[in-house]
Amino acid sequence: MKSGSYNIIVILVAAILMTASPIVSVAAPAQTSAQASRAAGSSSTKKKSTTNKKSTTRKSRASSKKKTSTKKKRVSRSAGTATQNRTAIQPQTATPSTAATPVRAAAKTDSKRKIVVEKPDLDEIRRITLDPTSKFYFPKLKKKYEVNDTTMTPEEFRNFYLGYMFQEDFDPYRVSPYSSKTDALRSKPSHTKEEIDTITKYAQLALEDNPFDLRQMSFLVHVLKEKRKDMRAKIWEYRLEHLLGAIKSTGTGDSVEKAWYVMYPEHEYDMVQLLGYEATDAQYIEPGYDYLTVRPDESDTRKRDKSAKGFYFNVIVPQQQYELKHPENIHAATDGSLTPDPGAALQEKTDPDDIPAE
């Protein structure tokens with residue numbers, strides 16, 4: 001009986017050892033007590049963690065947002081470089097960065113747009129505006145001007161304006177047959193729809209005949225604004241502003257040496273009006289300068305210095321070009337010099353329909 005009991009005990013012990021051996025071999029590898037504790041804790045709380053996952057995530061996000069907001073406020077107060085203030089501080093940033101690039105580009109563009117007053121080299125302007133390989137070749141500038149290319153620089157407008165004096169079709173005393181069609185409507189403070197349409201039609205025809213007729217351009221801007229054609233008005237106003245700027249870039253007008261260069265005598269009066277004056281008299285100075293005495297225009301309410309007594313204009317090239325192209329219209333003046341005959345030019349260009357019957 002004892003022997004049988006002993007055998008039963010031995011068999012039970014062997015069975016227990018065989019069953020426990022795999023458990024020991026799996027649990028044993030390099031697992032410290034702390035790891036075993038974490039594993040046990042993980043096993044026991046797995047279901048609880050899964051259940052509360054959404055709640056924990058929401059709390060984590062809320063905490064993260066709160067920390068980020070606090071951090072942004074601290075950074076903004078201390079260094080002034082928070083994301084929401086980045087645009088405002090870019091000009092103050094000293095270190096190079098991609099964010100600073102537009103600021104530098106804008107400054108470069110502004111410098112290109114600035115009008116530089118400098119006496120023009122007419123020989124050089126003649127050369128580059130007649131050279132097909134030059135970026136200032138007159139047909140290239142004219143094309144940019146006609147398509148309203150807003151990238152045209154003051155230098156391009158300057159060469160476009162002065163370069164026209166050397167083009168084959170330039171005539172300093174040309175009078176468009178369309179320019180007088182609307183003279184009777186100029187003094188009216190307001191116009192009817194039909195009158196606006198008439199002015200627009202003839203002003204555009206006059207500008208096609210002479211693209212530098214600043215008076216027709218100014219009149220066209222006025223009626224387009226009156227008709228609420230604001231976009232078209234801005235286009236013509238942009239052209240007018242930059243052509244006048246081209247004249248202004250040639251000098252200061254306060255002496256013969258610093259006279260403004262103009263291609264048409266009418267532009268002298270346009271410049272005077274631009275500055276808030278009205279001309280009272282005109283004097284010719286050899287070898288090719290006009291001096292206009294002026295007085296402040298009382299209707300001009302702009303605040304500006306109006307102490308000038310007169311302005312000088314250089315008309316040497318227009319005079320030379322007229323003598324070359326219309327020698328038959330030159331007559332001897334009282335001082336012995338040759339001067340253009342405005343009456344001959346007017347008779348040559350006047351529309352026969354505009355001549356009144358006797």
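Numbers here simply count residues along the sequence, with the first being 1.
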Working to the nearest 0.5 Å, report the span between [atom1] of [X] and [atom2] of [Y].
X	Y	atom1	atom2	value
Glu266	Gln216	CD	CD	11.0 Å
Leu162	Ile125	CG	CD1	4.5 Å
His267	Leu274	NE2	CG	12.5 Å
Glu208	Asn210	CD	CG	11.5 Å
Gln204	Asp209	CD	CG	14.0 Å
Ile235	Met217	CD1	CE	12.5 Å

Is any NZ, NE, NH1 or NH2 atom of the basic residue among [X] and [Y] found under 4.0 Å from an Asp or Glu carboxylate oxygen of the other?
X	Y	value
Lys135	Glu156	no
Arg127	Glu124	yes
Asp230	Arg228	yes
Lys188	Glu195	yes
Asp149	Lys143	no
Asp197	Lys227	yes
Arg215	Asp270	yes
Asp123	Arg126	no

Where does the angle between the aromatic ring planes of [X] and [Y] fall among parallel (under 30°), tilted (30 to 60°) and perpendicular (over 60°)?
X	Y	result
Phe160	Phe157	perpendicular
Tyr173	Tyr322	perpendicular
Phe212	Tyr161	perpendicular

For [X], is the [atom1] atom crowded, meaning more than 12 foreign heavy atoms sit under 6.0 Å from it?
X	atom1	answer
Lys201	NZ	no
Lys140	NZ	yes
Lys142	NZ	no

Are any of the side-chain heavy atoms of [X] and [Y] separated by less than 4.5 Å?
X	Y	answer
Leu130	Phe138	no
Trp236	Leu207	yes
Leu220	Ile199	no
Asp300	Glu278	no
Val315	Gln320	no
Leu224	Val221	no
Leu122	Val317	yes

Hey, would you say the Phe170 and Tyr264 ring centroids sit under 6.0 Å apart?
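Close enough - the centres of the two rings lie under 6.0 Å apart.
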What about Trp260 and Tyr312, are their ring centers closer than 6.0 Å?
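For Trp260 and Tyr312, the ring centres are not under 6.0 Å apart.
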All N/O donor-acceptor pairs, side-chain side in residues 243-252, below 3.5 Å, sequence neighbours left out:
from, atom 1, to, atom 2, distance (Å)
Ser249, OG, Arg158, NH1, 3.0
Ser249, OG, Ala246, O, 2.7
Thr250, OG1, Ile247, O, 2.6
Thr250, OG1, Tyr261, N, 3.0
Thr252, OG1, Asp254, OD1, 2.6
Thr252, OG1, Asp254, OD2, 3.4

Salt bridge (Lys or Arg N to Asp or Glu O under 4.0 Å) evaluation trace for Asp297 with Lys306
CA-CA 9 Å; Asp297 183 359; Lys306 297 180 182 178; over 6 Å; no
Polar side-chain atom of Glu226 near backbone of His191 as donor-acceptor pair, under 3.5 Å:
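It does hold such a pair.
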Just to verify, what does Tyr202 make a side chain to side chain contact (heavy atoms under 4.5 Å, CB included) with, not counting sequence neighbours?
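Tyr202 satisfies side chain to side chain contact (heavy atoms under 4.5 Å, CB included) with Tyr178, Lys181, Thr182, Thr198, Leu205 once adjacent residues are dropped.
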Test side-chain hydrogen bond (donor to acceptor under 3.5 Å, both in side chains) on Tyr289 and Gln319; report intermediate values, then the result.
CA-CA 10 Å; Tyr289 298 90; Gln319 181 175 286; over 6 Å; no
Is Arg239 positioned over the aromatic face of Tyr145, cation under 6.0 angstrom from the ring centre and no more than 45 degrees off axis?
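Yes, Arg239 sits over the ring of Tyr145.
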Looking at Pro318 and Pro172, what are the two nearest heavy atoms and their distance?
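For Pro318 and Pro172, the tightest heavy-atom pair comes out as O-CG, 3.2 Å.
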